[in-house]
Amino acid sequence: MSTEKEGLKIYNSLAGTKEKFIPINEGFVGLYVCGPTVYNNVHLGNCRTFISFDMVYRYLHHLGFKVRYVRNITDVGHLVDDADEGEDKIAKKARLEELEPMEIVQQYTLDFHNVLEKFNTVAPNIEPTATGHIIEQIEMIKAILDNGFGYESNGSVYFDVEKYNASHPYGELSGRKIEDLLSNTRDLDGQDEKNNPLDFALWKNAAEEHIMKWPSPWGVGFPGWHLECSAMSTKYLGEQFDIHGGGMDLKFPHHECEIAQGTASNGVSPVKYWMHGNMLTLNGKKMSKSTGNSILPAELFSGNNEFMEKPFGPMVVRFFMMQAHYRSPLDFTSEALTAAEKGYDKLMEAMRSLEVVKAGEQSSVDVKAMVASFYEAMNDDFNAPILVAKLFDAVKYINSIKDGNQSIGSADLQLLQKEMNAFVAGVLGIRNDSSSSNGKLNPVMDLVLDLRQEARANKDWSTSDKIRDGLANAGIVVKDTKDGTSWS
RNA sequence: GGUCCUGUGGCCGAGUGGCUAGGCAGAGGUCUGCAAAACCUCGUACAGCGGUUCGAAUCCGCUCGGGACCUCCA
C-alpha cells in the first residue's frame, strides 16, 4: 500500500497543475471542506461537491493516511449581498418564516445530514459551526489588526486588500489582478464604511433589531463570512494544512479571502493544495433556485419533479457522479441517469457474482495488473471515471469466469474480491441498494423458484412462464443461468 | 465589458502528439424451451477554418457555441 501512497497526484488550483502529493506530516492529512450555509434545503448541485470530496476523503483513507476531515456548518455571517446593510441569510429566512434563527439552522442542518447520509457519505471528523467559534474569529481579527492588515470603521472591521496586496499577491488563486478587480467593481449602495470597494468585512456592526449578534472589542456585531473558515481550519488543522476543498464558485472571493486572512494573521499561506469541484448543471443550465432550474434530492428519489421521467435512487445518482471527473462540469438529464442506472445494476450484479464465483487452477488474466490499474486511476488526481472503466474490465472478466470462458486462481480471486470491494464500496462509496437483500422475501422466492423449476423440468412452459411473468409484474426479474436461477 | 474553463461517435463521459477508455442505446451472432442476463463481433468520433509537425482530435491563432467567476452561491 505504501507504494501507491507515494504515487498520488493532486491538481492544485493554486498552481494550476497536477502536483505530487506530499503531506506536511508524513502519514497524516488535514482536509478542510467548505460546508453549506444552512438557510435552505441542499439541492443536488450542493451535494455533488460534498460527494466529490467524500470520494477524496475515502481514497486518502484507503491509501492508509490518517485523515482529519473538517467540514463546517455556516450558521451566521453569510450575507445576502455585499452592501453594508446586506442581510444575513439565516436571519432573513428566519424573518420570512417567523422562526428563531437557530430553528432555521437546526432544520436545515438536519436536512443536510439526512441527505448526505442517503448518499452514503462519511461524516467528517469535526463539523464546527461558525456561531460556536465567535471567540476564535475575534482573536483572528485582532491578529489581523495587529499586523496592520485591517481597520475599524463604525464598529465594523474590514480587511485592507490594497495594503495586503502591496506585500502579498491578492488574487493568486483565482488569477485576478487587483487593478482589474477595481475597474470592474460594481457600484453598491451604502459602502461608505469601506476605504476601498474590494475590502471585505471581518466583523460587522449589528443594528439594535439584529437578533444574531455578539459583543466584541469593536462593539456588538457578528463575524464576516470568509472569516469562519479561516478561524475554524486554523483551530483544528493548524496555521498551515494540506488540502482545502470546495466548489469552484467559492474560489473567488471566498477562498481568496481565506488565503489573505490566514497570511495576514499567521504569516503563512494556510493551504498547500487547493481543490475545486466543478458544477452540476440540470439540462444544460446551472442549477439555480431563482430560475426554477434546480432539483432537491428528495424530489429526485421520489420522482416528484418535472425534470426526470422516473425516480432515481441515491446510489444511482452517486454512481452517475463518479462516472465524471470531479473537475469537469456534469450535466444532469433523465436520459443520462437512466443509462447510469443500467451500468450501476450491471456493476452490482457482478459484485454479487464475485462472491460466488469458483476459483480454478490459474488465472487467465493478470489480476495484479488489473488491481494496479485501479490505483493508477485514482492516483491521477482522483480519476474516478477511469476507475469505473477499469472496474468494468473486471466486471467483464468476472462474468466470463462465471460463464466458464475465463478462469481465476484462488489467490487472485481473494485479491480481486478484496480490492473490488475496497474500491466500489470503500472508495467510490457505492453500495447495493436493491431490495433483494430483503430477509423475509428470500425463503418465499426460493419456494417460488423451486416450483417454477419443477414446472420447467416437466416442460410445463405455461406454468413456468406464468410464474416468471407474475414476478416481472411485481418488479422481480428472473434470470436462468447455467448454475441455476437467480432473481433481482 | 473583464478573467478563466470548455465543445469528443445516437446519448453520457475519459484520455492522449502517432499505439484509436468505459457505460448506455443500436446491429449481427453464441447460449437458452422461449425470454432475460452473460459472452463474442461491429461504429474509425473528437465544433469550424487556418498554422506548426514526418504525423494533431491532442500544440498555436482566429471564428462560432456552451459554462463559471467578476455580486450571494457547492
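Since the structure is predicted, the reported quantities are computational estimates derived from the model, not experimental observations. Chain A is the first sequence line, chain B the second, and so forth, proteins listed ahead of strands; every chain is numbered from 1.
Contact annotation: A:Asn399 side-chain N/O to B:A37 OP1/OP2 distance is not under 4.0 Å. A sub-4.0 Å separation between OP1 or OP2 of B:A14 and a side-chain N or O of A:Ser328 is present. A sub-4.0 Å separation between OP1 or OP2 of B:U32 and a side-chain N or O of A:Lys479 is absent. Side-chain N/O atoms of A:Lys342 include none lying less than 4.0 angstrom from OP1 or OP2 on B:C12.
With no hydrogens or angles considered, no side-chain donor-acceptor pair links A:Ser230 and A:Glu258 at under 3.5 Å.
When the P atom is used for both B:G28 and B:U63, the distance is 47 Å, rounded to whole Å. The C1' atoms of B:G55 and B:G23 are separated by 32 Å, rounded to the nearest whole Å. Between the P atoms of B:U44 and B:C39, the separation comes to 23 Å (whole Å). When the P atom is used for both B:A45 and B:U8, the distance is 14 Å, rounded to whole Å. As rounded to the nearest Å, B:U16 and B:A21 have P atoms that lie 13 Å from one another. Atom name C1', nucleotides B:A25 and B:G43: the rounded distance is 12 Å, in whole Å.
When side chains are defined from C-beta on, A:Leu391 counts as touching A:Met420, because their heavy atoms get closer than 4.5 Å.
Looking at A:Arg327, its side chain has no donor and acceptor atom pair within 3.5 Å of the base of B:C5. The base of B:G33 sits within donor-acceptor range of the side chain of A:Asp465, with an N or O pair under 3.5 Å. A donor N or O paired with an acceptor N or O is not found under 3.5 Å between the base of B:A36 and the side-chain atoms of A:Arg468.
Using a 4.0 Å cut-off between a side-chain N of Lys or Arg and a carboxylate O of Asp or Glu, A:Glu376 and A:Lys390 do not qualify as a salt bridge.
A 6.0 Å sphere centred on NZ of A:Lys20 holds more than 12 heavy atoms belonging to other residues, nucleotides or ligands. Within 6.0 Å of atom CD in A:Gln362, 12 or fewer heavy atoms from other residues, nucleotides or ligands are found, so the atom counts as exposed in its surroundings.
Across all strands shown, A:Val42 has no heavy atoms under 4.0 Å from either base or sugar-phosphate atoms.
For A:Phe252, counting side-chain heavy atoms from C-beta on, the closest listed nucleotide (B:C70, B:G23, B:A74) is B:C70.
Base pairing in RNA chain B gives the following stems of 3 or more Watson-Crick or G-U pairs, range against range and under 3.5 Å: B:1-7 with B:64-70, B:10-12 with B:22-24, B:26-30 with B:38-42, B:47-51 with B:59-63.
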